[in-house]
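These notes concern the structure reproduced below.
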Amino acid sequence: MTNKLIYASATELARAIRAKEVSSEEVVDAYLQRIEKVNLKLNAIVQLTADSARVQARKADADLARGRVRGPLHGVPMTIKDNIETAGVVCTGGTKGRASFVPTQDATVVARMRAAGAIMLGKTNLPELALAFETDNMVYGRTNNPYDLSRTPGGSSGGEAAIIAAGGSPLGLGNDMGGSIRLPAHLCGIAGIKPTTGRVPKTGHFPWSGRWLDPLWQPGPMARFVEDLILTLPIIAGVDWRDPTVVPMPLGDPEKIDVKSLRVAFYTDNGIMSPTPETVEVVKKTAKELSDAGVTLEENRPEGIEQSYNIFKGLFAADGGAGVQRLLQTVGTTEIHPWTQGLLGFCRRFGMTTAEFGGLMLQLARFNRSMLSFMEKHDVIICPVCAHPALPHGVSMEFDSARAFHAFSYTMTYNLTGWPGVVVRGGTSPEGLPIGVQVVARPWREDVALAVAQHIEIVLGGWQRSPL
């Protein structure tokens, strides 16, 4: 029974709880037992809220007995990335200056998940300030990949991806500025979505919003199954009257999308770093499956996409690291992770004048115009998530290694455009590591991206159990 619960989708758990086939308390206990079994090896959950989760589960069961259902996630457990604020629970953002910081209120996305009936099991690990592609910090240490403990689960939502993949949580919340949801989803073989920029409020996320990097990132859900992304996104999306970047755009229903009517472009190489042969094979196999389903398929990539890395690097390093340094000073961090120290040095190398920054913004505008014109003739892009599967610990923190930065440019592209991107597992490397596929749609068409991702999941198998 325990295995059936911990490997079920959040959607199925919600249905079973409402039907009284299982109690919320039983579900929460099953996940807490699983966490106890795997988390010592993973170091994915860094703040466990077991007592309050059990109390909330009993209350959910009592409410249900009285005929009260809080929402679509009534009694379903979840986990939350440790830079998303949670009332009464430490939220470090992976930096020592916040090691004992306790927020007084929930981030908007957390409040909305709770209002929908979800129950928090704990907070999950991330790199310092959520600024690395590997999950390691001076507060909690390193998180391991459940498919190979000697490898990284990615970052910055690496703790979320690892615990979900290992069956320690059915559902979680992360955020994505350069691939921080999609990359860990790929490396850990789960599903995740970066919504369109402006879809989901960032209120209560750390680091705080306000710089020119703001348009690059979005919160989003992560889960083992695409159906859980479909369930969760409408819950967390929409105006909160706090985040001024949120746009009140309608959110479509993936069930109403006729996949075979879509026009799909795919590419296996973005011109920045070529992927492993196995990654290429997975993308081509995905494209063939979509073609067999009846889509109009074309192998093509947007013109100018090879600029993605340099534009992203320029935006991130434009101020020479002053913003990161100021953030560390503001929260009182004096002991800085070696990665962050390296990042500051990297930014100092590529800092620019005001005139140079103006030129970069013009380049970004031209890039986005070119990208958008490509989508006039396409509904969906299929491409790699990363040039390789999970790397050994530490490699992605080597600043002079192409594998540390260029490999991740496949996700950076769609932070620059702000378009929605879904990742779903499409295959396996020779080492037994997951390989994901990135499904990108037009702005505000998360419904299209999710529908295609769900089709891929069905035909290619999606998430597979880890050896833990």
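The shown structure was predicted, so the numbers you read here are calculated from the model rather than taken from an experiment.
Residues Asp228 and Thr11 have side chains that bring a donor and an acceptor to within less than 3.5 angstrom of each other.
The one candidate from Thr197, Asn368, Leu372 that meets the side-chain contact (heavy atoms from CB on, under 4.5 Å) condition with Trp419 is Leu372. Tested against Glu128, the residues Thr333, Asn137, Thr340, Asn83 include a single side chain to side chain donor-acceptor pair (under 3.5 Å) partner, Thr340.
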Report all side-chain donor-acceptor pairs from residues 312-326 shorter than 3.5 Å, counting only partners two or more places apart or in another chain.
from: Asp319; atom 1: OD1; to: Gly321; atom 2: N; distance (Å): 3.0
from: Asp319; atom 1: OD2; to: Arg211; atom 2: NH2; distance (Å): 2.7
from: Asp319; atom 1: OD2; to: Gly323; atom 2: N; distance (Å): 2.8

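Residues that satisfy the ring-ring contact (aromatic ring centres under 6.0 Å, His included) test with Tyr309, not counting sequence neighbours, are His406. Residues that satisfy the side-chain contact (heavy atoms from CB on, under 4.5 Å) test with Ala116, not counting sequence neighbours, are Pro72, Leu73, Ile235. Here Asp61 pairs with nothing under the salt bridge (charged side-chain N to carboxylate O under 4.0 Å, His left out) rule; sequence neighbours left out. When the salt bridge (charged side-chain N to carboxylate O under 4.0 Å, His left out) test is applied to Arg142, no partner is found at least two apart in sequence or on another chain. In terms of the ring-ring contact (aromatic ring centres under 6.0 Å, His included) criterion, Tyr31 has no residue partners (sequence neighbours excluded). Qualifying salt bridge (charged side-chain N to carboxylate O under 4.0 Å, His left out) partners for Glu12, counting only residues two or more places apart in sequence or in other chains: Arg15. Residues forming a salt bridge (charged side-chain N to carboxylate O under 4.0 Å, His left out) with Asp253 (at least two apart in sequence, or on another chain): none. Legend: residues meeting side-chain contact (heavy atoms from CB on, under 4.5 Å) with Asp148, ordered by chain and number and at least two apart, are Ser150, Arg151, Leu433.
Residues Thr428 and Gln464 form no side-chain contact, since every pair of their non-hydrogen atoms from C-beta on lies 4.5 Å or further apart.
Between Asp63 and Arg70 no salt bridge is recorded (no basic side-chain N to carboxylate O distance below 4.0 Å).
Among residues at least two apart or in separate chains, salt bridge (Lys or Arg N to Asp or Glu O under 4.0 Å) pairs with a member in residues 173-193 are Asp176-Arg182. The ring-ring contact (aromatic ring centres under 6.0 Å, His included) analysis of residues 45-78, with sequence neighbours excluded, yields no pairs. The side chain to side chain donor-acceptor pair (under 3.5 Å) contacts involving residues 39-52 comprise Gln47-Tyr140, where partners must be two or more places apart or lie in separate chains.
Nearest heavy atom pair, residue Ile6 against residue Arg224, reads O-NH2, 2.6 Å.
The aromatic rings of Phe408 and Phe133 lie tilted to each other, with the angle between the two planes from 30° to 60°.
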